[in-house]
Engineer: 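Quick one: this structure, given as structure tokens, is what I'll be asking you about.
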Number of protein chains: 2
Amino acid sequence: MGTRARHTVSRRSRPAKAPLSRDVIVASALSLLESDGLEGLSLRRVAAALDTGAASLYVYLANLEELYALMLDQALAEMPPTSGRKRGWRDRLKDYLASYLSILNKRPGLAHVAMSTISAGPNTLRMWEVLLGLLEEGGIDAEERVAGVDMLLLHVTAMAAEEDNRRSVGHDFKRVRNALAVVPRKDFPRLSTLFEQGLFSGSGDDVAIGWAVDVIVGGILANKHRG
Amino acid sequence: MGTRARHTVSRRSRPAKAPLSRDVIVASALSLLESDGLEGLSLRRVAAALDTGAASLYVYLANLEELYALMLDQALAEMPPTSGRKRGWRDRLKDYLASYLSILNKRPGLAHVAMSTISAGPNTLRMWEVLLGLLEEGGIDAEERVAGVDMLLLHVTAMAAEEDNRRSVGHDFKRVRNALAVVPRKDFPRLSTLFEQGLFSGSGDDVAIGWAVDVIVGGILANKHRG
DNA sequence: ACCTGAACACCGTTCAAGT
DNA sequence: ACCTGAACACCGTTCAAGT
């Protein structure tokens, strides 16, 4: 084993040891989330991936909650700058929210993080700004714009969280189907009829989001026209 | 120490020792949730409240996840049998969903449980049945009834979860307000304008639920009339 | 200022052993 | 069949001690 071999080994095993920073921590956490899901994510594991101990992270983070908020905002960096095409504002709104949905769905558990965290990071604010602009373009009043964006984001986030459940529990979903199949017609006439007609597919996908956005936007507009 | 004293003490300290059952466990867990919130709830603590060890619970529960589902369904036992008054189906729908919201809001953390659990318990099914009936009364088609109930429940649950956050983090919410107050007008013109107009109150309460239900129901009806 | 090992106060779940 | 103590494999967070 000559000098060359020793040299190579030392370079490989300690490449300046990734100097640790908020960004590095958040990136590492997101990649852990993507590969192992929310159950596989912990401060200890993030630290281990960064070749250090969990205590070291507390120089950059107040707590786990803060890491969650940073992760969410970082993930939202992938949002398109604005929905490029011309078309109608309503279609662009649908596309934009579909982007949001797919960002959440790409990382198992991030939707749940989004449900329990309030981010005020730059990318989150930009998303709000874009959505407010789209509703403004649609001629929706200021007050209803705020409530509308809140409602749209809440709904898409919740849809993503539900989709997450469907994926992660897997056969628990089958348990629900079985429970429905056995439901007594006497007590639950509507449920059993609808089940027979195969109307409990468990949607939650790309189709469902378009429908939901249409319902919410259509509902806001309809409310306006009624006073 | 005579016989009498010994007798009394043994009665007091071990009143037949609460013979342990699914129902007892779930009731104990719900009361723990109500008093200490979700962070104060654990299998070990439920077991301790029942004067036993955590391992004993596994005779009645497969795991924590199952306890969550049982808790949710048990809490839903409080739902009114149906919204009693005559009035319109739409108002009764609003009241019914307001009941659901308040059941979730009474127990801090239950909304988050509801977001990550799929219950097929009797009380959950009854709630679905009632909601399906109300939308049927409203003349909404079968397919849209299912999607509509799903959407309504998802939304109210998500609202409750958000409300939960607002309460439990408390000053974190203030942090968001501060972040909004400082937002650069150049990059976020709409956000800063709306903030100045005081339109970020953080609603989420009884008013908001009526509005949201109106939007969703109105949206479903509006969609129908467009084809 | 930044990093760390060790400790603290917890978790859910399993399992061998008891009744 | 039901219950249990102890153990296993984890957590987030703190803190004294190092550089």
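Just so it is clear: chains get the letters A, B, ... in the order the sequence lines come, proteins before strands, and each one is counted from 1.
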Engineer: In chain order, what residues pass the salt bridge (charged side-chain N to carboxylate O under 4.0 Å, His left out) check against A:R126, with sequence neighbours excluded?
Structural biologist: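 Scan of A:R126 (salt bridge (charged side-chain N to carboxylate O under 4.0 Å, His left out), adjacent residues dropped) gives none.
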Engineer: Would you name the heavy atoms of B:P108 and B:L33 that are closest together and state the gap between them?
Structural biologist: O-CD1, 3.3 Å
Engineer: Using atom P of each nucleotide, how far apart are C:dC10 and D:dA9 to the nearest Å?
Structural biologist: 22 Å
Engineer: Could you list the protein-to-nucleotides 10-13 of chain C atom pairs, N/O on both sides, closer than 3.5 Å?
Structural biologist:
unit_1, atom_1, unit_2, atom_2, d
C:dC11, OP1, B:S42, OG, 3.2
C:dC11, OP1, B:R45, NH1, 3.4
C:dG12, OP1, B:L43, N, 3.1
C:dG12, OP2, B:L43, N, 3.2
C:dG12, OP2, B:R44, N, 3.4
C:dG12, N7, B:R44, NH1, 2.5
C:dG12, O6, B:R44, NH1, 2.8
C:dT13, OP2, B:Y58, OH, 2.6
C:dT13, OP2, B:L64, N, 2.9
C:dT13, O5', B:Y58, OH, 2.9

Engineer: Treat a base pair as Watson-Crick or G-U wobble with both distances under 3.5 Å, then lay out DNA chain C in dot-bracket form, 5' to 3', with | for cross-strand pairs.
Structural biologist: ||.|||||...|||||.||
Engineer: Restricting to side chain to side chain contact (heavy atoms under 4.5 Å, CB included), what partner residues turn up for B:Y60, sequence neighbours left out?
Structural biologist: B:L20, B:R22, B:I25
Engineer: I'd like to know whether B:Y68 forms a side-chain hydrogen bond (donor to acceptor under 3.5 Å, both in side chains) with B:S119, so could you lay out the CA-CA distance, the side-chain angles of the two residues, the decisive distance to 0.1 Å, and finally the verdict.
Structural biologist: CA-CA 9 Å; B:Y68 282 159; B:S119 162; over 6 Å; no
Engineer: With sequence neighbours left out, write down each residue that passes salt bridge (charged side-chain N to carboxylate O under 4.0 Å, His left out) with A:R44, or none if nothing qualifies.
Structural biologist: none
Engineer: Taking CD in A:E196 as the centre, count heavy atoms belonging to other residues, nucleotides or ligands within less than 6.0 Å. Is the count above 12?
Structural biologist: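 Check passes, neighbour count above 12.
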Engineer: Using whole Å, what does the distance between atom C1' of nucleotide D:dC3 and atom CG of B:L57 come to?
Structural biologist: 11 Å
Engineer: Applying side-chain hydrogen bond (donor to acceptor under 3.5 Å, both in side chains) to A:D73 and A:T124, what does each step give before you reach the verdict?
Structural biologist: CA-CA 6 Å; A:D73 196 69; A:T124 308; 2.6 Å; yes
Engineer: For A:A55, check side chain to side chain contact (heavy atoms under 4.5 Å, CB included) against everything at least two apart and list the hits.
Structural biologist: none
